[in-house]
Each structure stands twice: as structure tokens, then as C-alpha cells.
2 protein chains.
Amino acid sequence: MELLSVPKRGTSAREYVYETLKRSIIFLSLKPGQSITEQEIAEKLSVSRTPVREAFIRLVQEGLLETYPQKGTVVSLIDLERVDEARFMRRTLEKAILRLACESFPSDLAFELRSNLALQEVCLEEQNFIRLFELDEEFHRLIYRGCKKERIWDLIAQINADFRRIRVLKLSLGIGVGEVVQQHREIAGAIFDHNATRIEELVEVHLPQNDPGFERLRREYPEYFA
Amino acid sequence: MELLSVPKRGTSAREYVYETLKRSIIFLSLKPGQSITEQEIAEKLSVSRTPVREAFIRLVQEGLLETYPQKGTVVSLIDLERVDEARFMRRTLEKAILRLACESFPSDLAFELRSNLALQEVCLEEQNFIRLFELDEEFHRLIYRGCKKERIWDLIAQINADFRRIRVLKLSLGIGVGEVVQQHREIAGAIFDHNATRIEELVEVHLPQNDPGFERLRREYPEYFA
DNA sequence: ATGAATATATTAGTATGGTAGTATGCAAAA
DNA sequence: TTTTGCATACTACCATACTAATATATTCAT
């Protein structure tokens with residue numbers, strides 16, 4: 001088992017373990033359904049069981065781990081119902097947020113949005129999908145921040161963990177990468193032009209209700225799904 | 001310091017501590033801004049510090065506690081910006097959910113909704129505001145469940161913790177109790193009649209954008225607010 | 001050979017002691 | 001009187017030891 005370690009400095013052991021595990025789960029270095037134990041992680045990361053347990057507790061709360069007392073802990077399977085709910089939530093909120101953004105959006109964040117888009121183009125050309133993924137998340141966060149609704153994005157990010165694993169799977173199959181960047185361009189354009197007329201349509205395309213890609217993922221990786 | 005203890009049986013010490021503290025915070029038995037320590041809670045609840053620490057971690061994640069390493073832990077102040085965001089989120093989602101509910105709603109849950117409303121009336125007459133508060137939460141949860149979106153409600157409940165403390169403060173001043181029950185009646189009526197025309201208006205009234213009651217609360221309990 | 005009873009190993013849950021960082025009070029100096 | 005240095009107490013963080021529950025392996029009787 002390989003863990004995607006993160007810098008340990010300037011932070012507590014708990015935070016270090018938490019970030020490492022979270023990253024490992026989302027980028028599928030820890031597989032959905034895989035069993036792990038406190039002891040094992042503690043040894044791998046050279047800490048005691050205590051901070052590991054405490055990181056586990058947070059990850060359970062976010063739905064990324066499931067702990068069974070006296071039995072063990074497993075990485076949660078990807079639950080497509082939960083993904084559907086997360087998408088519904090994002091669709092609904094993002095329409096409302098984008099309408100706000102089209103009314104007014106602070107210029108400094110608009111600049112950051114443009115920069116982010118430019119970087120997305122670069123990553124697309126260079127096929128750097130991991131970085132593109134991070135830019136995607138940052139893109140949406142910027143929009144929420146511009147509307148003073150960043151806490152909502154943080155909350156979405158929690159229920160969205162499954163959604164993120166799906167994204168990683170899709171990226172690994174190279175599904176729909178270019179389209180997403182194009183959609184981001186159009187969404188940003190709507191904000192810059194204060195033009196809310198296409199918001200509904202753009203969001204529906206960006207976060208469709210029925211994603212046919214799901215079926216393919218399910219066929220390719222049946223053991224990852226609940 | 002008094003804690004609102006909950007039944008301890010059939011659950012872990014961690015869960016027991018967590019539920020007890022959460023209840024105590026929401027019902028303001030632990031005051032916003034108040035300092036608490038692991039040691040102190042452990043002694044009061046007759047458990048060791050470990051399950052207390054672990055309960056603290058969950059409560060920090062939900063925004064109800066703030067821990068400062070080597071300094072201490074305090075009950076979070078009520079943050080009105082956060083409350084505004086929570087309301088925005090609920091307004092937006094609840095409109096969408098209620099539109100779904102007006103299209104179709106399972107009959108067994110419709111029955112539970114009717115029962116819940118009847119109990120709300122009873123509590124209103126008997127001035128049992130604590131129970132009414134719980135029924136209120138259950139009312140909304142039932143609607144989300146009927147639309148197969150219960151996870152979203154669970155998530156809202158997290159960001160909503162501040163919102164719930166506000167409700168408790170309002171109830172203690174007897175603000176707007178009757179109105180809320182009436183609003184619930186109308187919302188339920190819309191679902192039963194499959195009539196979505198007034199949804200927008202009902203939600204705006206139930207979860208207003210600007211609540212003048214806030215100012216009064218702020219005057220009455222300035223030390224509770226950030 | 002098979003099944004049940006028992007022993008062993010493994011797990012998360014809990015308790016406890018030590019550590020390092022922080023605040024506080026007091027005494028000494030300015 | 002005010003400020004500085006220091007001792008003390010207090011905190012959350014972490015490591016470790018122990019407990020209780022579960023799963024697995026082994027033994028023994030049939």
C-alpha cells in the first residue's frame with residue numbers, strides 16, 4: 001500500500017495523517033473497499049495510533065472511511081446515490097450562486113478567475129490532469145468566494161468527496177477533459193459580461209442530471225462501487 | 001456548568017460525550033464563548049480524556065467548538081455571517097426540494113408529515129418549545145427524505161448549528177413561534193395539493209433574507225455573537 | 001473426514017502518563 | 001508605580017498500555 005504523503009512541517013501529527021489519507025483516498029491510492037488499520041497507518045507514517053484514530057474520525061464524518069468497532073476500517077465504496085445527491089445540490093446552489101456572480105463580482109477575484117482559466121488551458125495542452133483537477137476545484141471555489149459564500153463551497157466539498165473520486169476515475173480514462181475547460185470558459189464569460197441568461201443551461205450541461213459516463217466507470221471498475 | 005446529559009446505553013463513550021456536548025451547546029447550556037477543557041468534561045461525564053478529545057474533534061469540524069493547541073477549547077460564538085450563508089443555502093435548496101415534493105411525495109411520508117404537524121399544534125398550545133423545535137427539524141427532514149435527499153439535510157444540519165442556536169434564543173424570547181407552525185401548515189398543504197405555485201413565496205417567508213429579529217437578539221445577548 | 005468447542009490473534013475502544021507550548025502571578029529591578 | 005524575568009500551573013497533543021469484542025486457527029470428539 002502506498003500513501004500519497006504530504007509535507008509534515010508546521011502542523012500537527014493529526015493534520016498530517018488526515019491530509020495524507022484524504023489525498024490518498026481521493027486520488028485512489030487507497031482503493032474503495034480496501035481495508036486499513038490504525039496500527040498499519042501509524043507505522044507507515046511513523047506516528048502513534050492516537051493521531052491516526054483522530055484523523056480516521058474526521059474522515060468517517062466526511063464519508064471517506066467507515067469504521068466497524070473491533071473489526072476494522074475500510075475505505076468507503078463510491079456510492080452513486082450519494083453522488084447524485086451531491087450533483088443535485090451543486091446544480092441547485094451553483095445556479096443561484098452564478099446568478100449572484102452575474103450581478104456583481106469583485107474585480108480582483110475576476111482577475112484570479114482569468115488566471116485560473118489560462119492555467120487550465122496550459123494543463124489541458126500538457127495533459128497534466130492532476131493539476132487541472134485542482135484548478136477545476138479552485139475555479140469553483142473562486143466563484144463562491146466572490147459571492148461571499150465560501151463556507152458553502154467548503155460544505156459541498158465534504159459531500160463531494162465521492163464526486164471527486166469519480167472525477168479522478170474519469171480523468172484516468174481521459175473522459176470529457178476538454179469539454180469541462182470549455183464549459184468553464186463559458187461560465188466565466190457569463191460572469192464577466194454580467195449576462196445571466198445562459199446560466200441555467202450552462203450549469204445543466206456542466207453538472208448533468210444523468211451522466212452516461214457513470215455506466216462506463218461502473219463497468220470498468222465494478223469493485224469500486226456500492 | 002451543567003451538561004444536558006443523554007442516555008449512555010448501547011453506544012460508545014465517544015458517542016455519548018458527543019451527543020451530550022452537542023445538545024448542551026445547541027440548547028445553550030454551554031454558552032457561546034465559554035471555555036471548557038478535556039479534563040473537566042471527562043470528569044463530569046465519568047469517562048477518560050480520550051473519548052472527550054474525539055468528541056471535540058467532531059464538534060470542531062461542525063463549527064461548534066474551537067480548539068487552540070496548548071491553550072484551550074471554547075464554545076464557538078454565533079457567527080451571523082455564517083448564519084446568513086446557511087439561510088441562503090437552505091432557501092435555495094428548499095425551493096428546489098419543495099418543487100420536487102410537489103411533483104410527487106410518497107404517501108407514507110405524507111402521513112408522517114400530517115402527524116408531525118398535529119404534534120406541532122399540540123406543542124404550540126402547551127408552550128412546549130423544546131419539543132416544537134425538534135418537531136420543526138423533523139418536519140424538514142421528512143420532506144428531504146420524501147425526495148430522497150436526506151443526505152443533503154444531514155449536511156445542512158451541520159452548517160445549521162448556529163442557526164439552531166439562534167432558534168433556541170428566539171424561542172426563549174418567544175419570538176415567532178406561532179407563525180412558524182402556520183408556515184409549516186402551508187408548506188405541507190402545497191405538497192399535499194401538488195401545488196407548487198406558492199413555493200417561492202413560502203420559502204422566502206419561512207427563511208427570510210433579512211431577519212430583523214437578529215438585531216434584537218444581538219442587543220439582548222451581545223456576548224454570544226462574533 | 002467433519003463439526004463443534006476452544007484457544008489465539010487482531011481489531012478498535014478506552015485509560016493514563018509524559019511533553020511542549022501558553023498564560024498567569026509574583027518577585028525583583030528600574 | 002511600572003516593567004521585566006521567572007516559577008508555576010494549566011492546556012491540548014501524543015505515545016503507550018490495557019480492555020473488550022470479533023475473527024480466525026486449532027484441537028478434539030464424533
Side-chain angles (χ1 to χ4, degrees), chain A residues 1 3 5-22 24-25 30-77, chain B residues 1 3 5-22 24-25 30-77:
Chain A
M1 178 187 59
L3 295 179
S5 201
V6 296
K8 176 173 195 169
R9 295 215 271 221
T11 175
S12 65
R14 178 167 75 224
E15 200 64 18
Y16 163 61
V17 176
Y18 169 76
E19 290 296 340
T20 300
L21 289 177
K22 184 169 178 178
S24 301
I25 293 170
L30 291 172
K31 312 293 185 206
Q34 180 175 351
S35 287
I36 60 178
T37 69
E38 295 173 359
Q39 185 77 44
E40 168 191 31
I41 302 296
E43 286 171 9
K44 280 222 162 56
L45 298 180
S46 305
V47 296
S48 78
R49 275 179 54 213
T50 303
V52 174
R53 273 183 66 74
E54 298 178 348
F56 275 23
I57 288 169
R58 293 186 57 184
L59 293 164
V60 166
Q61 200 162 6
E62 294 178 14
L64 290 175
L65 289 182
E66 290 167 25
T67 295
Y68 302 95
Q70 277 69 46
K71 289 200 272 196
T73 300
V74 300
V75 179
S76 300
L77 293 172
Chain B
M1 178 189 59
L3 295 178
S5 200
V6 297
K8 174 176 197 169
R9 287 215 230 277
T11 175
S12 66
R14 177 168 75 225
E15 199 64 18
Y16 164 61
V17 175
Y18 169 75
E19 291 294 341
T20 300
L21 288 177
K22 183 166 179 181
S24 301
I25 294 170
L30 291 172
K31 313 291 186 205
Q34 179 175 351
S35 286
I36 59 177
T37 69
E38 296 173 356
Q39 184 79 44
E40 170 191 32
I41 302 296
E43 285 171 8
K44 279 222 164 53
L45 298 181
S46 305
V47 297
S48 77
R49 279 155 34 223
T50 302
V52 174
R53 269 183 67 74
E54 298 180 348
F56 275 22
I57 288 169
R58 292 187 57 184
L59 293 165
V60 166
Q61 198 161 6
E62 294 178 14
L64 290 176
L65 288 182
E66 291 168 21
T67 69
Y68 301 94
Q70 278 66 46
K71 288 201 275 195
T73 300
V74 300
V75 178
S76 300
L77 293 173

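Every chain is numbered from 1 and lettered A, B, ... according to where its sequence line falls, protein lines coming before strand lines. These numbers were taken from a predicted model, which means no experiment stands behind them.
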Nucleotides 9-12 of chain C: which of its N/O atoms have a protein N/O under 3.5 Å away?
| unit_1 | atom_1 | unit_2 | atom_2 | d |
| --- | --- | --- | --- | --- |
| dA12(C) | OP1 | Thr73(A) | OG1 | 3.3 |
| dA12(C) | OP2 | Glu38(A) | N | 3.3 |
| dA12(C) | O4' | Gln70(A) | N | 3.2 |
| dA12(C) | N3 | Gln70(A) | NE2 | 3.1 |

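- One atom, CD of Glu40(B), and another, P of dA9(D), lie 19 Å apart when rounded to the nearest Å.
- Phosphate proximity of dA15(C) to Ser48(B): present, with a side-chain N or O under 4.0 Å from OP1 or OP2.
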With side-chain contact (heavy atoms from CB on, under 4.5 Å) as the test, would you mind laying out the steps for Leu30(B) and Leu21(B) before giving the verdict? CA-CA 8 Å; Leu30(B) 291 172; Leu21(B) 288 177; 3.9 Å; yes

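- Between the CD atom of Glu19(A) and the OG1 atom of Thr11(A) there is a distance of 7.5 Å, given to the nearest 0.5 Å.
- Taking CD of Glu38(B) as the start and CD of Glu43(B) as the end, the distance is 12.0 Å to the nearest 0.5 Å.
- Heavy atoms of Ser12(B) sit under 4.0 angstrom from primed sugar atoms or phosphate atoms, though from no base atom.
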Test side-chain contact (heavy atoms from CB on, under 4.5 Å) on Val75(A) and Lys31(A) and set out the steps. CA-CA 7 Å; Val75(A) 179; Lys31(A) 312 293 185 206; over 6 Å; no

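- Note on Glu15(A) versus Arg58(A): salt bridge recorded, some NZ/NE/NH1/NH2 to OD/OE distance being below 4.0 Å.
- Note: CD (Glu15(A)) to C1' (dA12(D)) measures 15 Å, nearest angstrom.
- Protein atom CD1 of Ile57(B) is 9 Å distant from nucleotide atom P of dC14(D), rounded to whole Å.
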Show me the side-chain donor-acceptor pairs of residues 60-70 of chain A shorter than 3.5 Å, one per line, residues at least two apart or across chains.
| unit_1 | atom_1 | unit_2 | atom_2 | d |
| --- | --- | --- | --- | --- |
| Gln61(A) | NE2 | Glu62(B) | OE2 | 2.9 |
| Glu62(A) | OE1 | Tyr18(A) | OH | 3.2 |
| Glu62(A) | OE2 | Tyr18(A) | OH | 2.6 |
| Glu62(A) | OE2 | Gln61(B) | NE2 | 2.8 |
| Glu66(A) | OE1 | Tyr68(A) | OH | 2.6 |
| Glu66(A) | OE2 | Ser76(A) | OG | 3.4 |

